[in-house]
Amino acid sequence: MSGSGSGQQDVDIDLGGLFRAVWDRRVKVLLATACVTALAFGAAKMIAPDYQSETRVLIESREPEFSGPNQSSQAGADRVFDESGILSQVQVLRSADLIKQVARNMKLYELREFDPSAAPSALSDILVMLGLKKNPLEMPPEERVLKEFNDKLQVYQVEKSRVIAIAFTAKDRQLAAAVPNEMAKVFLELQSGAKLDTNSEATRWLEPEIANLREKVRDAEAKVAAYRSSSDLLPTGETTNFATRQLTDISTELTRVRGERANAEARAAGVRAALASGRAPDTITDVVGSQMIQRLKETEANLQAQVADLSTTLLDGHPRLKALKSQLEGIRGQIRTETRKILTSLENEAKVGELREQQLVQQLNALKAQSAQAGEEEVGLRALEREATAQRQLLETYLARYREATSRTVENATPADARVISNAVVPTSASFPKVLPITIVAALATFLLSCVAIMLGELFSGRALRPVSATGERLAPARPRPALAASATDIPVVAADTPPELASVTDDAADDDAVDLLPAAQIPAADTYTAEVAAEPDFSIEAVAEHLRETGVRVAISVSPGGDEGSTATVMLARLLAEDNIKVVLIDLTGSACPTRLMARSAQLPGITNLLAGEVPFTDTIHADRFSDAHIIPQGDADPRQAMKGIERLKMIIDALTNAYELVLVECGPADEMAVEKIAGRDGAEIILSAPSVSDERIVEVLTGFGAAGYRDIVLMTGQAETDPEYPDRDAA
């Protein structure tokens, strides 16, 4: 680490010196480390050890074997064990009722570790007698155990799982394992008991509901039967009644009769057509199928065969041949007669079918009217049947749930929705204190803190700082050189090349609070610099910036007797401070608006005159510098006379800016001491005289004027800024 400035010595940290200082005090460091290590070891061994053990419980849905996969409770059980469900089970394990049950089961209130108030101290007895404290023995033993129990208990959900860990710490290692196991046991019993209570409540609720539903089902079914009887809606199937079934049968019969009649008419028409056309009757199916016709056909065939046989030997006029032919004609006449009989039979069959059809049509029309009336009456019947069906289904559902709930009310019929997956075991080592880690940490901490304390002492004393010359050569340690200032009471310094006419001022001027300027040769510097360094005053911008940083000035007022040249140096000062990460804002109170031109992006931005005139809010007047991290409140474009009416607000504005900035730099231009007094008063602000290239007579005149006005310390800035290649924009002004 080093610091630099024009005319100021650079310093570096002497790391070797730091380590030598630690080595020189090694005996003290080792002695302190050994003492603290021994104390830590002894304290850790004296502390009564604590033992911790842990039980783990898995939360899952558990149903008895006789529960079917379609049980409605199965689907709801998994929904309970989401993230919030597991956290709810954690709270159940931490509940006061469960802890009290464990305390009763294990009689923890008999142990002093869990019930320290059972043997109160004398002071506690006195406070109880005076009524300043409630007697703890008036509380039940389980209540007194709660606080101590909760302090020793840890219940948490294992990350990304349904596992809950129950950890318990106790002085007795056997007790440390027994308590979490007992907690898990009581938890499972509570879970199972809660499910038993649920089933018992369901059974008690279902019993009167089932009895009521049975009466409703009986009444509904009786109403259905009475309505069906009164309406003659005798059932013949699941969806039909007697009238509907009869209508269906007659319709079917009518269709059949019509078909038969049509068939008979068609056959009669065929026989009639055959007789009219003279076709042979044996071509008609009904004629051929007649047995009489068949016998006549056989006789005809025999006679024809005899006629044909005799015709070969007898003449046509032979009596026998004539007799055979006469018989043949008689047979054929009989065939025609039989054919006409068949035709008459078919016609009669068609007429009978027609009559049957007419009767069926009449019956069908009558049944249609009855069926329509039955349909209207079935509307009411279906409503009654739906009501009876609904009541019956509800009754069956309640009966099924009642049987299931009843089966689960017996002991051990409903397992808890959790099971122990890891029982706590008796711990073999103490969880606290860890003697070896505590001893090692105490030793290391003591050693490091001792070394750090020695190094800080060396740094603050300056013994570990070594100056560095301009050529990089390290010199003897030297104190940092303070910023140079002109003072009306102290002895100021000027540059080595100060003209002889400014080397002294008359005693009369000193009596008038003027500034005494002495040559550099008269300044004692033996206690500040080594022999190799010249005691030369420095009024450069860098020296002023270093002075402002070291003194922590919050408000600085710059006066520029030379006008814009001095204002330009003030801008360079603000940018230099911004480069050192100091939050600085510059207020332009010059008449020429030189800082505004150099820093603001536009001359028309609202500024201090607008703020004093009350035209814009505070934040609209603060703008960023174009070439640095500094901020600028420009001159503004409000009426100066209107702004001067609010000049008393300027000090409040500056005070407000000090809350947000480390330095508020006010550039006043060539202002006199009276104007500066209106801005900053007599105290609390650093006065900077920015006077590059200003005559020595003018500087003395300004200093004398400020001295006469009562300003004691004035910082003189007459140097030019040095160009830094790392910050090319700093000198853009």
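Bear in mind that the values here come from a model prediction, so they are computed numbers and not experimental data. Side-chain atoms are counted along with the backbone in the values below, which use heavy atoms only and exclude waters and symmetry mates.
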From Ile438 atom CD1 to Phe432 atom CZ, the distance as rounded to the nearest 0.5 Å: 5.0 Å

Could you walk me through whether Leu93 and Leu153 pass the side chain to side chain contact (heavy atoms under 4.5 Å, CB included) test, one step at a time? CA-CA 10 Å; Leu93 280 164; Leu153 176 65; over 6 Å; no

Give me each pair satisfying salt bridge (Lys or Arg N to Asp or Glu O under 4.0 Å) with a member in residues 596-612, each pair once, sequence neighbours excluded. Asp564-Arg597

Determine whether Tyr156 and Ile164 make a side-chain contact, defined as any pair of heavy atoms from C-beta on separated by less than 4.5 Å. no

Give a yes or no on whether the backbone of Leu146 and the side-chain of Asn150 come within a donor-acceptor separation of less than 3.5 Å. yes

Applying side chain to side chain contact (heavy atoms under 4.5 Å, CB included) to Val158 and Ser161, what does each step give before you reach the verdict? CA-CA 6 Å; Val158 179; Ser161 70; 3.3 Å; yes

Side chains of Asp625 and Ser628: donor-acceptor distance under 3.5 Å anywhere? yes

Nearest heavy atoms of Thr570 and Ser558, plus distance in Å: OG1-OG, 2.8 Å

Evaluate whether atom CG of Asp672 has more than 12 neighbouring non-hydrogen atoms of other residues, nucleotides or ligands under 6.0 angstrom away. yes

Would Arg20 and Trp23 count as a cation-pi pair here, with the cationic atom under 6.0 angstrom from the ring centre and within 45° of the axis? no

Could you walk me through whether Gln157 and Leu87 pass the side chain to side chain contact (heavy atoms under 4.5 Å, CB included) test, one step at a time? CA-CA 7 Å; Gln157 176 189 4; Leu87 294 177; 3.6 Å; yes

With side chains defined as the heavy atoms from C-beta onward, is the minimum distance between Leu573 and Ile688 less than 4.5 Å? yes

For the student: nearest non-hydrogen atoms of Arg698 and Pro561, plus distance: NE-CB, 3.9 Å

For the atom pair CG (Leu605) and CD (Gln635), what is the distance rounded to the nearest 0.5 Å? 12.0 Å

Is there side-chain contact between Thr169 and Ser431, with heavy atoms separated by less than 4.5 Å? yes

Should Lys583 and Leu663 count as side-chain neighbours, where that means a heavy-atom distance under 4.5 Å? no

Which atom names give the shortest non-hydrogen contact between Gly669 and Ser567, and what distance separates them? CA-OG, 4.3 Å

Minimal heavy-atom distance between Glu673 and Ala709, with the atoms involved, is CG-CB, 3.6 Å

Results of ring pair (Phe, Tyr, Trp, His ring centres under 6.0 Å) for His623 - residues two or more places apart only: none

Would Glu83 and Arg162 pass as an ion pair if we require N to O under 4.0 Å? no

Member of Thr621, Leu650, Asp588 meeting the side chain to side chain contact (heavy atoms under 4.5 Å, CB included) criterion with Ile608: Leu650

Side chains of Cys35 and Leu31, heavy atoms from C-beta outward: is any pair under 4.5 Å? yes

For the pair Ser602 (side chain) and Gln604 (backbone), establish whether a donor and an acceptor sit closer than 3.5 Å, ignoring hydrogens and angles. yes

For the residue pair Thr590 and Glu667, confirm or rule out a side-chain donor-acceptor distance under 3.5 Å. no

If I take atom CD from residue Glu542 and atom CG from residue Asp580, how far apart are they, to the nearest 0.5 angstrom? 10.0 Å

Please walk me through it: do Ser84 and Asp82 pass side-chain hydrogen bond (donor to acceptor under 3.5 Å, both in side chains)? CA-CA 6 Å; Ser84 59; Asp82 54 5; 3.1 Å; yes

Is any side-chain heavy atom of Arg575 less than 4.5 Å from a side-chain heavy atom of Met599? yes

What verdict does the side chain to side chain contact (heavy atoms under 4.5 Å, CB included) test give for Val666 and Ile654, after you've listed the backbone C-alpha separation in whole Å, the side-chain angles of each residue and the deciding distance to 0.1 Å? CA-CA 9 Å; Val666 184; Ile654 294 174; 4.0 Å; yes

How close do Gly614 and Arg649 get, counting heavy atoms only, and between which atoms? N-NH1, 4.0 Å

Cys451 SG to Leu18 CG distance, which is reported to the nearest 0.5 Å: 11.0 Å

Carboxylate-amine/guanidinium contact Asp151 Lys147, below 4.0 Å: yes

Hey, could you give me the CD/CD distance between Glu701 and Glu697, rounded to the nearest 0.5 Å? 9.5 Å

Is Leu665 close to Ile557 at the side-chain level, that is, under 4.5 Å between some pair of heavy atoms? no

Take atom NZ in Lys28; do more than 12 heavy atoms of anything else shown fall under 6.0 Å from it? no

Measuring from Leu657:CG to Ile587:CD1, what's the distance to the nearest 0.5 Å? 5.0 Å

Measure across Ala442 and Val36 and return the closest heavy-atom pair with its distance rounded to 0.1 Å. O-CG1, 4.1 Å

More than 12 heavy atoms of other residues, nucleotides or ligands under 6.0 Å from OH of Tyr661: yes or no? yes

Would you mind reporting whether Thr718 and Pro692 have side-chain heavy atoms less than 4.5 Å apart? no

Partners passing side chain to side chain donor-acceptor pair (under 3.5 Å) against Arg94 (at least two apart in sequence or in another chain): none

